[in-house]
Number of protein chains: 2
Amino acid sequence: MDKKATRKSPRGDSRRRAILDSALRLFSERGFNSASIADIAADVGMTQAGMLHHFPSKAALLLAVLQEREERNQKAKSESLERGFDYLSTFLRTLHTNERTPILVQLFAILSAESIVQDHPAHDWFVERYREVAASMTSELAAVFDQSKLPAGMTLEAFARWIIAVADGVRLQWLLDPTAVSRETSMIQFFTILRPYMRDPDMHISLDEPSQEKRR
Amino acid sequence: MDKKATRKSPRGDSRRRAILDSALRLFSERGFNSASIADIAADVGMTQAGMLHHFPSKAALLLAVLQEREERNQKAKSESLERGFDYLSTFLRTLHTNERTPILVQLFAILSAESIVQDHPAHDWFVERYREVAASMTSELAAVFDQSKLPAGMTLEAFARWIIAVADGVRLQWLLDPTAVSRETSMIQFFTILRPYMRDPDMHISLDEPSQEKRR
């Protein structure tokens with residue numbers, strides 16, 4: 001299928017950007033099911049036909065919003081590891097950076113739950129995303145935890161799933177009641193509780209810049 | 001405001017039951033925003049006016065569905081504690097019982113996330129529910145964990161919030177990908193990881209009937 005050059009032109013790029021920003025805001029405010037293509041088109045001052053030229057369906061638009069954050073997070077994660085942050089500190093830094101865009105955190109929380117239903121347009125995306133995150137974290141945790149310190153039968157995958165679950169679950173508690181809990185503090189304290197199972201129980205886990213001698 | 005006796009009559013009760021069951025199913029399948037009063041009325045073979053006689057709004061219906069599960073859980077919890085189960089085993093038993101109605105587990109997962117948005121009709125209900133659950137669990141955990149074994153500055157509320165978060169977060173992972181993880185196993189193993197901080201690190205945490213000598 002031939003694609004017009006719209007996406008490559010500066011005007012096309014800025015339109016695409018405006019649509020993504022509006023979609024993000026309206027999906028977050030109203031949920032994916034309630035925010036319509038017509039709403040988003042009206043919000044950015046385009047016709048529906050004009051908008052569908054950039055994103056052929058509401059589902060395509062939704063997936064573009066999700067995918068964009070995921071790619072930004074992946075890039076930030078690589079940069080953080082390169083700068084000498086360990087894996088758990090990098091994880092904290094990703095949450096910290098995401099919280100600068102609370103609307104996107106909220107969108108993720110709502111959409112991940114709505115996408116449980118099999119015919120939701122983001123269902124496959126979220127299933128695959130959680131598989132990838134669990135697998136990649138399980139593999140990274142091998143450098144953090146000491147298998148010989150774990151109770152019999154316990155796997156690093158179980159640890160990965162708790163860490164993801166605490167991040168998601170405390171996010172929900174924080175979004176419902178922002179003064180009740182700080183996700184950052186809760187995650188840092190959670191890692192503290194897991195220290196007896198780490199290779200280096202005194203390892204430095206922090207949002208702060210690692211000192212020179214700690215750099216890899 | 002005078003209420004008609006409909007709710008007390010057997011026919012009214014069975015109608016009310018049919019509406020609640022249908023609402024539960026349609027909210028779970030389509031989300032609260034997408035399932036309409038008209039859909040539910042059609043599903044139970046009533047007129048919208050007839051249905052609104054039992055529940056004056058969609059929000060009232062939603063809250064009745066949520067409240068019903070909450071009350072059932074509270075009752076089961078008291079019974080479990082009375083039969084000699086400890087608090088953590090009782091928590092496991094509640095999750096186990098809830099999983100017999102996966103559609104309700106799914107509804108809770110979706111609605112708790114959708115209700116983040118302040119004008120969602122269940123927003124206040126979920127804020128209040130999480131406050132109550134966190135407060136009551138924090139108080140119950142005083143009998144399970146030994147404060148003197150916790151790292152400095154750590155509170156039992158932090159533990160309560162992780163336990164709730166792991167239950168919610170692993171629920172999401174399980175609902176998205178049921179073969180990837182068992183919530184029951186994950187919770188039991190999570191409690192195992194927390195044993196070093198317990199008053200009795202060998203305490204019996206299980207879904208099984210407590211033995212006579214363990215009964216309080």
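Protein chains get the first letters and strands the later ones, always in sequence-line order, with residue 1 at the start of each.
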Contacting moiety of A:S34, where chain B heavy atoms sit under 4.5 Å: side chain
Can you tell which of B:A109, B:A165, B:A134, B:P151 has the highest number of heavy-atom pairs within less than 4.5 Å of chain A? B:A165
To the nearest 0.5 Å, what is the distance between CE on B:M154 and CZ on A:F190? 10.5 Å
Examine whether an atom of A:R131 lies under 4.5 Å from a heavy atom of chain B, and if so say whether it belongs to the side chain, the backbone or both; otherwise answer neither. side chain
Flag the one option from A:I116, A:I163, A:I164 with the top tally of heavy-atom pairs under 4.5 Å to chain B. A:I116
Looking at B:P196, B:S186, B:G153, B:A158, which has the largest count of heavy-atom pairs under 4.5 Å with chain A? B:S186
Toward chain A, the part of B:Y130 with a non-hydrogen atom under 4.5 Å: side chain
Out of B:V170, B:I193, B:L111, which one racks up the most heavy-atom pairs below 4.5 Å with chain A? B:I193
Taking only residues at least two apart or on different chains, which pairs with a member in residues 109-123 of chain A satisfy side-chain hydrogen bond (donor to acceptor under 3.5 Å, both in side chains)? none
Rounded to the nearest 0.5 Å, what's the gap from CD on A:Q189 to CD on B:E157? Could you check? 10.0 Å
Quick one: of A:L194, A:V117, A:D168, who has the most non-hydrogen atom pairs under 4.5 Å with chain B? A:V117
From A:L150 atom CG to B:T192 atom OG1, the distance as rounded to the nearest 0.5 Å: 11.5 Å
Within residues 172-185 of chain B, the residues sitting under 4.5 Å from chain A by heavy atom, in sequence order, are B:L172, B:Q173, B:L175, B:L176, B:D177, B:A180, B:V181
